[in-house]
Amino acid sequence: MDAASPEPSLYTVKAVFILDNDGNRLLSKYYDPELYPSIKEQRNFESNIFNKTHKADNEIAFLEGLTIVYKSSIDLFFYVAGSAQENELMLMSVLSCLFDSLTHILRKNVERKCLLENMEGAFLVVDEIIDGGVILESDHQQVLQKVNYRADDNPLTEQSVTQVLQSAKDQIKWSILK
């Protein structure tokens, strides 16, 4: 290796963030505390990258010494940032894993409203893919298995909420009668 090239590192991902179609942050994780230490600097960076990419038809951008891969879907923009020397294919595999995992969790409704309703699942997915900037997993099936998510899990419906309330009322009635 020549003296000019940096040492290889496991810390390949500098940041992951999801923006809406207005450039507003919905989810973000920054893994390099020296890169953008304040929220103001992070939002400024996100705004710059959004302005550069929201109308472009590419999948990769270079900005402020970073390699950024991105993807859009309906009203969301997904970004994964790494250093300028980072392998774009590695970053793209992280982005694909994130997108495919969220597509499954959101039941193919990859849009702002559904993401906001399932934010805890989105953070779980990000945490299973990347830990402290180190890529842990790039296979969405493995990620889904680790977060123990199944597509057939049904959320609470109005009927089940009504049943729970009725059960609680019955228990209160029985405790009063005793």
Side-chain angles (χ1 to χ4, degrees), residues 1 4-106 108-116 118-140 142-144 147:
M1 283 186 129
S5 62
E7 289 294 316
S9 172
L10 290 174
Y11 300 96
T12 57
V13 177
K14 302 291 184 187
V16 172
F17 51 97
I18 301 174
L19 306 177
D20 67 10
N21 60 350
D22 295 323
N24 299 315
R25 176 193 288 189
L26 300 177
L27 178 150
S28 73
K29 291 203 98 170
Y30 284 79
Y31 300 103
D32 186 350
E34 297 169 4
L35 185 63
Y36 299 106
S38 72
I39 292 177
K40 183 179 180 183
E41 290 172 309
Q42 291 173 5
R43 289 189 187 263
N44 188 34
F45 168 69
E46 292 165 8
S47 175
N48 288 343
I49 193 66
F50 178 77
N51 289 335
K52 183 174 181 175
T53 61
H54 79 282
K55 291 184 181 175
D57 195 27
N58 303 325
E59 295 179 337
I60 188 167
F62 299 96
L63 183 72
E64 299 179 23
L66 296 173
T67 301
I68 299 134
V69 293
Y70 61 96
K71 184 174 194 161
S72 65
S73 174
I74 304 174
D75 58 354
L76 297 175
F77 289 84
F78 298 81
Y79 297 91
V80 176
S83 69
Q85 296 80 25
E86 196 52 59
N87 184 334
E88 296 90 0
L89 294 176
M90 288 295 293
L91 296 176
M92 189 56 82
S93 71
V94 170
L95 179 63
S96 295
C97 181
L98 172 65
F99 185 81
D100 293 344
S101 298
L102 290 177
T103 298
H104 190 79
I105 285 177
L106 301 176
K108 299 185 180 173
N109 293 323
V110 185
E111 55 188 33
R112 184 181 192 276
K113 181 180 181 230
C114 291
L115 178 69
L116 291 174
N118 294 284
M119 192 60 78
E120 67 283 345
F123 274 106
L124 277 172
V125 164
V126 170
D127 290 342
E128 286 299 328
I129 298 171
I130 306 160
D131 184 25
V134 177
I135 300 171
L136 299 177
E137 189 60 67
S138 61
D139 177 14
H140 77 277
Q142 292 295 319
V143 170
L144 292 169
V147 298

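Basis for what follows: all heavy atoms, side chains included, without hydrogens, waters or symmetry-related copies.
- For the salt bridge (charged side-chain N to carboxylate O under 4.0 Å, His left out) test, no residue two or more places apart in sequence or in another chain qualifies with Asp100.
- For Leu35, the side chain to side chain contact (heavy atoms under 4.5 Å, CB included) partners at least two apart in sequence or on another chain are Lys14, Asp32, Leu66.
- Atom CD of Glu88 sits about 4.0 Å away from atom CD1 of Ile60, to the nearest 0.5 Å.
- Side-chain contact check for Ser83 versus Glu86: some heavy-atom pair is nearer than 4.5 Å.
- Summarising the local packing, CE of Met90 is surrounded by 12 or fewer heavy atoms from other residues, nucleotides or ligands at distances under 6.0 Å.
- For Asp139, there are no salt bridge (charged side-chain N to carboxylate O under 4.0 Å, His left out) partners two or more places apart in sequence or in a different chain.
- One N or O on the side chain of Asn51 and one on the backbone of Ser47 form a donor-acceptor pair closer than 3.5 Å.
- Between Val69 and Leu95, the shortest heavy-atom distance links the atoms C-CD2, 3.9 Å.
- Residues passing the side chain to side chain contact (heavy atoms under 4.5 Å, CB included) test with Ser138, sequence neighbours excluded: Ser93.
- Note: Ile49 CD1 to Leu63 CG = 4.5 Å, rounded to the nearest 0.5 Å.
- Judged as a side-chain hydrogen bond (donor to acceptor under 3.5 Å, both in side chains), and not counting sequence neighbours, Thr67 has no contacts.
- Not one N or O on the side chain of Asn24 forms a donor-acceptor pair closer than 3.5 Å with the backbone of Asp20.
- Residues passing the side chain to side chain contact (heavy atoms under 4.5 Å, CB included) test with Thr103, sequence neighbours excluded: Phe99, Lys108, Val110.
- Every pair passing salt bridge (Lys or Arg N to Asp or Glu O under 4.0 Å) that includes a residue from residues 121-133 is listed here, sequence neighbours excluded: Lys29-Asp127.
- Using a 4.5 Å heavy-atom cutoff, the side chains of Val134 and Tyr31 are not in contact.
- For the side-chain contact (heavy atoms from CB on, under 4.5 Å) test with Ile74, the passing option among Lys113, Arg112, Glu111 is Glu111; the others fail.
- A 6.0 Å sphere centred on CD of Glu64 holds more than 12 heavy atoms belonging to other residues, nucleotides or ligands.
- To the nearest 0.5 Å, atoms CE (Met119) and CD1 (Ile18) are separated by 7.0 Å.
- Shown here are the side-chain hydrogen bond (donor to acceptor under 3.5 Å, both in side chains) partners of Tyr70, two or more places apart in sequence or in another chain: there are none.
- Open room surrounds CD1 on Ile39; 12 or fewer heavy atoms of other groups in view lie less than 6.0 Å from it.
- At distances below 3.5 Å, at least one donor-acceptor pair connects side-chain atoms of Ser38 with backbone N or O atoms of Glu41.
- Interatomic distance, CG of Leu144 versus SG of Cys97, reported as 8.0 Å (0.5 Å rounding).
- Note that the CD1 atom of Ile105 and the SG atom of Cys114 stand 12.5 Å from one another [nearest 0.5 Å].
- Residues Leu98 and Val126 form a side-chain contact, since some pair of their non-hydrogen atoms from C-beta on lies under 4.5 Å apart.
- Atom OH of Tyr79 sits about 8.0 Å away from atom OG of Ser72, to the nearest 0.5 Å.
- Considering only residues two or more places apart in sequence or on other chains, Asn21 meets the side chain to side chain contact (heavy atoms under 4.5 Å, CB included) condition with Asp75, Phe77.
- Listed by chain and residue number, Phe17, Tyr36 satisfy the ring-ring contact (aromatic ring centres under 6.0 Å, His included) test with Phe45 (two or more places apart in sequence, or in another chain).
- Listed by first then second residue, pairs satisfying salt bridge (Lys or Arg N to Asp or Glu O under 4.0 Å) with a partner in residues 43-55 read Arg25-Glu46, not counting sequence neighbours.
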